[in-house]
Amino acid sequence: MPFKNKFIQQRIEKAKQLKEAGFNPYQNQSNKNITILQFKDVNSDIQTLDNKRDENRHYIVAGRIKLFRIMGKASFLKIEDENDVLQIYLARDNLPEGMYNNIIKKLIEVGDIIEVGGYPFVTNKGELSLHVSEFKLLTKAIAPLPEKFHGITDKEIRYRKRYLDLIMNSDVRKTFKMRSKIISLTRRFFEEKGFLEVETPMMHPIAGGANAKPFVTHHNALGIDRYLRIAPELYLKRLIVGGFEAVFEINRNFRNEGMDATHNPEFTSIEFYQAYKTYKDLIVLTKEYLLYLIEKMDLPCLLPYGELEINFNNFIEIPLIESLSKIGKVNETIVNDKQKILDFLKQNNLEANQNMTLGQLQGKLFDEFVEEKLIDPTFITEYPVDISPLARRDDDNQDITQRFELFIAGREIANAFSELNDPVDQLERFMKQIDAKEAGDDEAHEMDQDFVEALSYGMAPTAGEGIGIDRLIMLLCNEHSIRDVLLFPAMRPTTTENTN
RNA sequence: GUCUCGUUAGCUCAGCUGGUAGAGCACGUCACUUUUAAUGAUGUGGCCGUUGGUUCAAAUCCAACACGGGACACCA
């Protein structure tokens, strides 16, 4: 039963009284002619005037009432629009007969959206305000806002009812404006570099391009299942085959896996592919991209992140094996010997078994001893082949791949490699994945014959990279949960939502 | 999936070793024409997450469940 709350009932009654008094509580139109930010900018000189006011200026601003201080025949209100808060001054004698006593004092309250016209002045306490002579209610809020001082802190309510969070916490609005700007700048950066933005399917007949469990949906007309995409990779590479030489896509991926501070079932990534380039070119491009964001976002190169400080003047590049000893402090004599690694892991009470390959064990060492220590942006290169199923082998060393991952603040941000473009090799790797699938690995790739066929027509040597946009935004916005950079993070339905 | 903490008024939170439910904000009424979380007076407002158990008696103790936070695990 909606609206049964007594406060809501009370406010519905006020809306009714407003209607009866001839004021539509849900107006269709506003005469707002300036934002609060602009108002403050244009009138910053009022301080210096003799009377600290200029009655010849006239502005109409609009916003939501956040504070309402009634002091008898006059009131101070704070109204908020998208970017700022403005104090307005209402006095009985400056408003039409009866408006102040019968309408504003009785029927208007915190949460309502109003429009006010008047002239700028500075109060005794020095605050630039609007001296109101015209008042109009635009929208009546029948639900009361949360407490004015503490606002809303319950994370569950903040995520489920993001609109309330946005009303009450202007910092949250700031974060999402930053998010929008980062995505916009990303688009501009790649366009300026000559990349073409493309859109590839979100519903795939085969869930490919990554190892992950997909969501399944059904196409009624065709009578077949489709998978929400887990990665756009295989489609973007088809476009390189087709002759586009640099493409990128910023969009959602869907993975049917766990949720935590860095995972949401749908997340945004950018993937980009450039023909006639290698992963080494992408290291250069990635550095340039990150510095571009830092500069355009007006962020410091010594970026604070929680307790950490990330130095964007200190890009590090180091091969994985070297990082094990130099950063992970694992003895050099251990890192290339399978049995010694197994013993070492056992000594440190870490799980490992004899079936793991040398490459997998090196990966394990990296995860345990190196990853969390990579605070400044670090490109880890020369990944072992066994843990890089999609990357091209190095021509000079068949055990390693032409690949890097970028880590910042102990977290993986990007993954890139020179792409495998040998169709026969690709076919063989798909076959191996099918074997793995039949052996019970439900995250193994499925065969994508059409992709193999595409490669058979020849794909120019190409380098490709994926960057987790949400995690990058977390870094730049100093947020520590992915939910705080997603407007509507995935939540379990509530009981009432279930019954719907 | 495991561990852990939490769920009390619209919001923010108290409520101790069980004994008829508390505050601030908001809201109602009154006063107040330069306030800054305005102030003063006064009043209304609770399925104490849900279900069960122990007890003469449960917001409080126990169990299960639901939802959430945090950590860990899983996840290229």
Side-chain angles (χ1 to χ4, degrees), chain A residues 3-11 13-14 52-53 65-78 85 87-95 100-101 105-106 109-111 121-127 129 131 141-161 164-165 167-168 208-214 230-231 233 253 255-265 267 269 351 360 363 367 383 387-391 403 405 412 414-417 433 441-445 466 468 480-481 483-484 489 491-498:
Chain A
F3 304 152
K4 69 169 196 265
N5 177 287
K6 59 188 176 287
F7 296 107
I8 293 181
Q9 283 300 327
Q10 218 169 62
R11 295 173 77 127
E13 177 57 29
K14 287 185 181 180
K52 300 209 179 240
R53 62 187 58 213
I65 300 174
K66 297 300 288 288
L67 284 174
F68 201 152
R69 288 191 282 272
I70 299 181
M71 307 177 50
K73 298 182 186 65
S75 297
F76 286 94
L77 285 71
K78 296 262 178 168
V85 181
Q87 174 166 273
I88 65 171
Y89 174 75
L90 303 177
R92 185 193 64 188
D93 299 341
N94 300 318
L95 289 157
Y100 183 78
N101 280 336
K105 268 173 79 174
K106 290 216 171 85
E109 56 212 313
V110 170
F121 77 113
V122 171
T123 64
N124 291 344
K125 298 281 165 68
E127 181 165 348
S129 309
H131 202 285
I142 60 167
L145 287 186
E147 204 248 13
K148 64 184 174 188
F149 186 56
H150 298 93
I152 191 153
T153 59
D154 183 324
K155 287 201 168 168
E156 180 170 0
I157 301 178
R158 289 188 44 217
Y159 298 145
R160 285 191 198 278
K161 302 180 193 287
L164 258 187
D165 189 28
I167 289 172
M168 298 309 295
N211 293 356
K213 289 177 208 135
I230 56 175
E233 173 156 351
N253 293 328
R255 297 190 184 174
N256 208 340
E257 291 164 356
M259 295 153 60
D260 61 31
T262 54
H263 297 81
N264 195 67
F267 62 97
S269 73
E351 277 180 45
Q360 286 169 333
D367 291 346
Y383 272 71
I387 54 172
S388 309
L390 301 166
R403 173 188 180 192
E405 284 199 21
E412 180 193 338
N415 182 21
F417 33 80
Q433 290 286 310
D441 179 0
D442 53 0
E443 290 184 0
H445 260 95
H480 293 74
S481 169
R483 294 188 189 91
D484 291 318
M491 299 288 276
R492 215 180 275 268
T494 59
T495 326
T496 49
E497 283 166 341
N498 257 333

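Just so it is clear: chains get the letters A, B, ... in the order the sequence lines come, proteins before strands, and each one is counted from 1. Heavy-atom basis, side chains included; hydrogens, waters and symmetry copies ignored.
K14(A) has a side-chain polar atom (N or O) that falls below the 4.0 Å cut-off from OP1 or OP2 of G28(B). Listed pair R11(A) / C27(B) fails the phosphate criterion, with no side-chain N or O lying under 4.0 Å from OP1 or OP2. The shortest distance between the side-chain N/O atoms of K148(A) and the OP1/OP2 oxygens of A37(B) is not below 4.0 Å. OP1 or OP2 of A38(B) lies within a sub-4.0 Å distance of a side-chain N or O belonging to R69(A). R255(A) has no side-chain polar atom (N or O) that falls below the 4.0 Å cut-off from OP1 or OP2 of C74(B).
Across U33(B), U34(B), G28(B), the shortest atom-to-atom separation from the side chain of F121(A) is found for U34(B). With C75(B), G69(B), U33(B) as the candidates, the nucleotide lying closest to the side chain of R483(A) is G69(B). Proximity note for R53(A) (side chain, C-beta onward) versus C74(B), U35(B), U34(B): the nearest is U34(B). For E156(A), whose side chain is taken as the heavy atoms from C-beta onward, the closest listed nucleotide among G28(B), C67(B), U36(B) is C67(B). With distances taken from any side-chain atom of K155(A) to the nucleotides U36(B), G70(B), C25(B), the minimum falls on G70(B).
The distance between atom NZ of K105(A) and atom P of U35(B), rounded to the nearest whole Å, is 17 Å. When rounded to the nearest whole Å, the span between CG of L67(A) and P of C27(B) equals 11 Å. Distance, I70(A) CD1 to A31(B) P: 12 Å, rounded to whole Å. Between K161(A) atom NZ and G68(B) atom P there is a gap of 14 Å when expressed in whole angstrom units. Atom pair F149(A):CZ and A38(B):P shows a separation of 10 Å (rounding to whole Å applied). Residue L77(A) contributes atom CG, which lies 16 Å from atom P of U33(B) at whole-angstrom precision. The interatomic distance linking D260(A) (CG) with C75(B) (P) rounds to 13 Å, in whole Å. Distance NZ (K125(A)) to C1' (U33(B)): 14 Å, rounded to an integer number of Å.
Residues passing the side chain to side chain donor-acceptor pair (under 3.5 Å) test with Y100(A), sequence neighbours excluded: S75(A). Partners of D154(A) according to the side chain to side chain donor-acceptor pair (under 3.5 Å) rule, which considers only residues two or more places apart in sequence or in another chain, do not exist here. With sequence neighbours excluded, the residues that form a side chain to side chain donor-acceptor pair (under 3.5 Å) with Y159(A) are D484(A). Applying the side chain to side chain donor-acceptor pair (under 3.5 Å) criterion to Q10(A), with sequence neighbours excluded, gives no partner residue.
Side-chain atoms of Y383(A) and F417(A), non-hydrogen and from C-beta on, never get closer than 4.5 Å to each other. A 4.5 Å side-chain heavy-atom check between M491(A) and E156(A) finds at least one atom pair inside the cut-off. Looking only at side-chain heavy atoms (C-beta outward), R158(A) and I152(A) come within less than 4.5 Å of each other. In this structure the side chain of R483(A) never reaches within 4.5 angstrom of the side chain of K155(A), judged on heavy atoms. I8(A) is listed as a side-chain neighbour of I142(A), based on a closest heavy-atom distance under 4.5 Å.
Going from the C1' atom of C25(B) to that of A14(B) covers 15 Å, rounded to whole Å. Taking atom P in both C48(B) and A9(B), one finds a spacing of 9 Å when rounded to whole Å. A31(B) and A37(B) have their P atoms separated by 25 Å, with the value rounded to a whole Å. The same atom, C1', is picked in G46(B) and in U20(B); the two are 14 Å apart, to the nearest Å. Across G18(B) and C56(B), the matching P atoms stand 15 Å from one another, rounded to whole Å. Remark: the separation of the C1' atoms in C27(B) and G10(B) is 9 Å, to the nearest Å. With both ends at atom C1', the span from G40(B) to G69(B) equals 40 Å, rounded to whole Å. U60(B) and G1(B) have their P atoms separated by 27 Å, given to the nearest Å.
Counting any heavy atom pair closer than 4.0 Å across all strands shown, K66(A) reaches no nucleic acid atom. In this structure, Y89(A) reaches the bases: a heavy-atom distance under 4.0 Å links it to at least one base atom across the strands shown. In this structure, E405(A) reaches the bases: a heavy-atom distance under 4.0 Å links it to at least one base atom across the strands shown. R158(A) comes within 4.0 angstrom of nothing in the nucleic acid, heavy atoms only.
K66(A) contributes a side-chain N or O that, together with a main-chain N or O of I167(A), makes up a donor-acceptor pair within less than 3.5 Å. When atom types are taken as modelled, the side chain of R92(A) and the backbone of N101(A) share no donor-acceptor pair closer than 3.5 angstrom.
In this model, a side-chain donor or acceptor of T123(A) finds a partner on the base of U36(B) within 3.5 Å. Under 3.5 Å, the side chain of E127(A) and the base of U34(B) form no donor-acceptor pair of N or O atoms.
Taking the nucleotide of RNA chain B with the nearest heavy atom to each of I387(A) and S481(A), the more 5' of the two is matched to S481(A). Annotation: of the two residues near RNA chain B, G258(A) and M491(A), the 5′-most nearest-nucleotide partner is M491(A).
For RNA chain B, runs of at least 3 consecutive pairs of the Watson-Crick or G-U wobble type, with both hydrogen-bonding distances under 3.5 angstrom, map to B:1-7 with B:66-72, B:10-13 with B:22-25, B:27-31 with B:39-43, B:49-53 with B:61-65.
Here CE of M168(A) is found 11.5 Å from CD1 of I157(A). Values are rounded to the nearest 0.5 Å.
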* Structure fact -> Expected string for nucleotides 8-14 of chain B under the B/S/- scheme (protein heavy atoms, under 4.0 Å, primed atoms plus P, OP1, OP2 as sugar-phosphate) is --BBSS-
